[in-house]
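Naming convention: chains lettered A, B, ... in sequence-line order (proteins, then strands); numbering from 1 in each chain.
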2 protein chains.
Amino acid sequence: MPIPTSKPFQKQTAKDKAYQQIKEWIVNGTLMPDEKLAEVELAKSIAVSRTPIREALLRLNEEGLVVITAGKITRVAQIDADNIADLFEPMAVIEGLAANQAASKIDEAEFKKLATLEKKYRVSLNSNKLINILKADRIFHQQILAIADNAYETKFSDQLYSHIYRYELAMIKMLDADHQNFKITANHEALLKALAEQNPVKASATMTKDWLSTLQKIVSIQELTESQK
Amino acid sequence: MPIPTSKPFQKQTAKDKAYQQIKEWIVNGTLMPDEKLAEVELAKSIAVSRTPIREALLRLNEEGLVVITAGKITRVAQIDADNIADLFEPMAVIEGLAANQAASKIDEAEFKKLATLEKKYRVSLNSNKLINILKADRIFHQQILAIADNAYETKFSDQLYSHIYRYELAMIKMLDADHQNFKITANHEALLKALAEQNPVKASATMTKDWLSTLQKIVSIQELTESQK
DNA sequence: ACACGTTTTTTTGTATACAAAATAATATTC
DNA sequence: GAATATTATTTTGTATACAAAAAAACGTGT
């Protein structure tokens with residue numbers, strides 16, 4: 001018998017299906033901030049019963065994308081644009097740590113893969129769709145987290161990112177009409193170099209700076225649009 | 001009508017009750033690592049139905065204290081003593097960040113409260129129960145997180161801490177017979193001073209060092225007991 | 001038209017039912 | 001007796017039922 005190549009078939013449960021779907025709807029704006037989330041309605045829409053919907057909502061509540069209060073109506077969490085730093089600052093230090101650890105333990109194969117992703121990222125910079133850039137950027141970061149190989153860090157980063165991505169998508173939608181070409185791009189070459197040199201301190205500092213400068217860019221865009229009112 | 005002093009009555013749901021109870025059992029070792037968690041059994045034991053038990057288990061699964069796999073049996077997560085650094089390193093940087101932020105924004109009242117907690121901690125050092133020290137220590141740290149006032153950081157720290165505390169309790173149980181007085185104590189005075197000076201960089205560095213030195217102590221205890229076999 | 005009180009409808013939280021799959025127990029074969 | 005096959009039992013995942021509370025709708029009086 002040939003050894004099965006794929007992992008032991010992971011069943012896609014109704015709960016997971018509901019979770020992914022609702023999360024996507026919230027992140028991409030289909031479900032608007034503060035919108036009411038009735039379990040029966042969602043159940044009908046996703047074609048499962050209330051139970052998996054409920055379990056998905058509880059998880060999203062944990063992650064802060066949904067607000068469940070006592071026995072009251074469940075709502076989509078608001079986007080706290082005022083406190084966007086609350087997302088970026090922990091992100092900066094956690095992925096800074098991940099970069100540090102990755103630099104300490106990265107091997108040849110991992111570095112090659114990372115370099116490929118960096119190249120893809122640079123290619124994406126020529127795209128006129130900002131979303132493509134954001135996605136390529138995220139994949140690059142996720143690879144660093146994978147190399148660091150710390151489940152807590154990875155989960156925390158993913159969680160923060162879903163909020164950040166949601167915010168960025170909302171911002172793009174809002175601004176795209178006016179500013180065709182505002183960029184939230186990063187310079188990954190310095191980071192890649194620090195990892196090549198296996199220099200943890202430099203890798204960490206570069207990663208942290210990357211996130212904080214992105215935060216700065218976003219804040220300045222906020223101020224710009226704020227002043228335009 | 002007098003203005004109500006207490007917060008709007010937060011209902012203690014069956015789900016919360018189950019969550020707290022099961023979590024406590026896992027952390028304090030009543031439920032052992034890898035032990036089977038049958039929903040009906042837990043339901044009987046806590047006197048609620050399967051639904052709230054299930055919701056509690058899902059949350060604990062999210063937090064890594066319980067392992068739910070596909071349609072298989074649910075078990076208490078193992079204590080990964082080998083990778084104890086996976087907990088302490090993110091903790092060190094996240095609470096380092098929190099200390100940084102707290103130093104930037106701390107006010108008179110907050111500082112007074114923190115100083116009181118530091119005093120209580122110092123008093124606890126005289127206790128011969130290590131658990132008392134750990135608890136006073138944790139309250140001190142939580143106050144810093146409260147001052148930093150970042151929900152993501154607080155939640156992440158709490159989550160990591162439940163694993164750390166679980167590990168420490170298990171260690172105490174194991175070693176208490178032999179070593180009556182091994183200490184995992186911290187020096188909070190330097191931290192308090194950095195906060196008094198409103199020096200973010202120093203506060204952050206002190207906090208990070210605090211966690212990493214605790215990690216070092218634990219690792220050396222591990223090596224000690226390892227060599228005794 | 002607006003405030004207030006009452007009734008109706010939703011909505012949640014919990015309990016329970018049921019099927020499919022996994023686990024455990026038992027029997028069977030060699 | 002050990003390995004395998006078969007049966008019985010648990011256990012989970014999902015659906016549904018039901019009550020209590022919240023939200024919405026409606027009416028009434030002013």
Side-chain angles (χ1 to χ4, degrees), chain A residues 1 4 6-23 25-26 31-78, chain B residues 1 4 6-23 25-26 31-78:
Chain A
M1 183 176 87
S6 71
K7 290 160 198 161
F9 179 67
Q10 166 108 14
K11 195 188 307 185
Q12 165 82 325
T13 63
K15 174 188 67 184
D16 293 337
K17 189 180 155 194
Y19 169 77
Q20 286 173 229
Q21 179 65 85
I22 299 171
K23 181 174 176 179
W25 281 339
I26 293 174
L31 289 169
M32 303 282 286
D34 210 51
E35 187 169 342
K36 186 175 90 173
L37 290 176
E39 290 170 7
V40 281
E41 211 177 327
L42 287 170
K44 251 184 242 169
S45 167
I46 301 180
V48 296
S49 83
R50 258 187 74 208
T51 308
I53 294 289
R54 182 148 240 279
E55 292 177 348
L57 289 177
L58 283 166
R59 189 167 159 197
L60 290 165
N61 177 59
E62 275 303 299
E63 294 175 10
L65 288 171
V66 151
V67 179
I68 298 178
T69 341
K72 288 188 186 166
I73 265 175
T74 299
R75 295 187 174 279
V76 177
Q78 258 145 345
Chain B
M1 184 176 86
S6 72
K7 287 161 200 162
F9 179 67
Q10 166 109 15
K11 193 187 311 184
Q12 165 83 324
T13 62
K15 173 187 67 181
D16 294 336
K17 188 179 154 194
Y19 168 78
Q20 285 172 231
Q21 180 63 87
I22 299 172
K23 181 174 175 179
W25 280 339
I26 293 174
L31 289 169
M32 301 283 284
D34 209 52
E35 186 169 344
K36 187 175 88 174
L37 290 175
E39 289 169 10
V40 281
E41 212 178 325
L42 287 170
K44 251 184 243 169
S45 168
I46 300 180
V48 295
S49 83
R50 259 188 72 206
T51 307
I53 294 290
R54 183 148 240 279
E55 293 177 348
L57 289 177
L58 283 166
R59 189 168 159 197
L60 290 166
N61 178 58
E62 276 302 301
E63 295 175 10
L65 287 172
V66 151
V67 178
I68 299 178
T69 341
K72 290 189 186 168
I73 264 177
T74 300
R75 296 187 173 279
V76 176
Q78 259 146 345

**Verdict with supporting geometry, B:Val76 and B:Leu65, side-chain contact (heavy atoms from CB on, under 4.5 Å)** = CA-CA 6 Å; B:Val76 176; B:Leu65 287 172; over 6 Å; no

**Request:** Would you indicate, yes or no, if D:dT12 has its OP1 or OP2 atom less than 4.0 angstrom from a side-chain nitrogen or oxygen of A:Lys15?
**Result:** no

**Asked** At under 4.0 Å, does any side-chain N or O of B:Ser49 touch on OP1 or OP2 of C:dA15?
**Response** yes

**Item:** Nearest-Å distance for atom pair CG/C1', residues B:Asp16 and C:dT12
**Value:** 14 Å

**Complete:** Contact string for nucleotides 18-23 of chain C, one letter per nucleotide 5' to 3', B = base within protein heavy-atom range under 4.0 Å, S = sugar-phosphate only, - = neither, reads ---SSS

**Prompt:** So with a 6.0 Å cut-off around CD of A:Glu41, is the heavy-atom count from everything else above 12?
**Reply:** no

**Request:** Would you mind reading off the distance between B:Glu55 atom CD and C:dT14 atom P, rounded to a whole angstrom?
**Result:** 7 Å

**Message:** Categorize B:Leu37 for me: base, sugar-phosphate, or nothing, with a 4.0 angstrom heavy-atom threshold over every strand shown.
**Reply:** sugar-phosphate

**Item:** Spacing of A:Leu58 atom CG relative to D:dT14 atom C1', expressed in whole Å
**Value:** 15 Å

**Prompt:** Taking only residues two or more places apart in sequence or in another chain, which ones pass side-chain hydrogen bond (donor to acceptor under 3.5 Å, both in side chains) with B:Ser45?
**Reply:** none

**Item:** Rounded distance (nearest 0.5 Å) linking atom CD of B:Gln20 with atom CD1 of B:Ile46
**Value:** 10.5 Å

**Message:** Please give me the minimum heavy-atom distance between A:Ala18 and A:Pro52, naming the atom from each residue.
**Reply:** CB-O, 4.1 Å

**Message:** Give me the atom names and distance for the closest heavy-atom approach of A:Asn61 to A:Val66.
**Reply:** OD1-O, 3.1 Å

**Request:** Check every strand shown and say whether A:Thr51 touches a base, only sugar-phosphate, or nothing at a heavy-atom separation below 4.0 Å.
**Result:** base

**Request:** Check A:Ile53 against A:Ala43 and note the closest heavy-atom contact, atom names and distance.
**Result:** CG1-CA, 3.7 Å

**Message:** Taking the basic N atoms (NZ, or NE/NH1/NH2) and the acidic carboxylate oxygens, is any pair closer than 4.0 Å for B:Arg59 and A:Glu62?
**Reply:** yes

**Request:** Measure the shortest side-chain to side-chain distance between B:Lys15 and B:Val48 over non-hydrogen atoms and say whether it is less than 4.5 angstrom.
**Result:** no

**Pairwise 5' ranking along DNA chain D for A:Arg75 and B:Lys36, keeping only the more 5' one** = B:Lys36

**Complete:** Contact check, residues 38-47 of chain B vs DNA chain D, heavy-atom distance under 4.0 Å, returns B:Ala38, B:Glu39

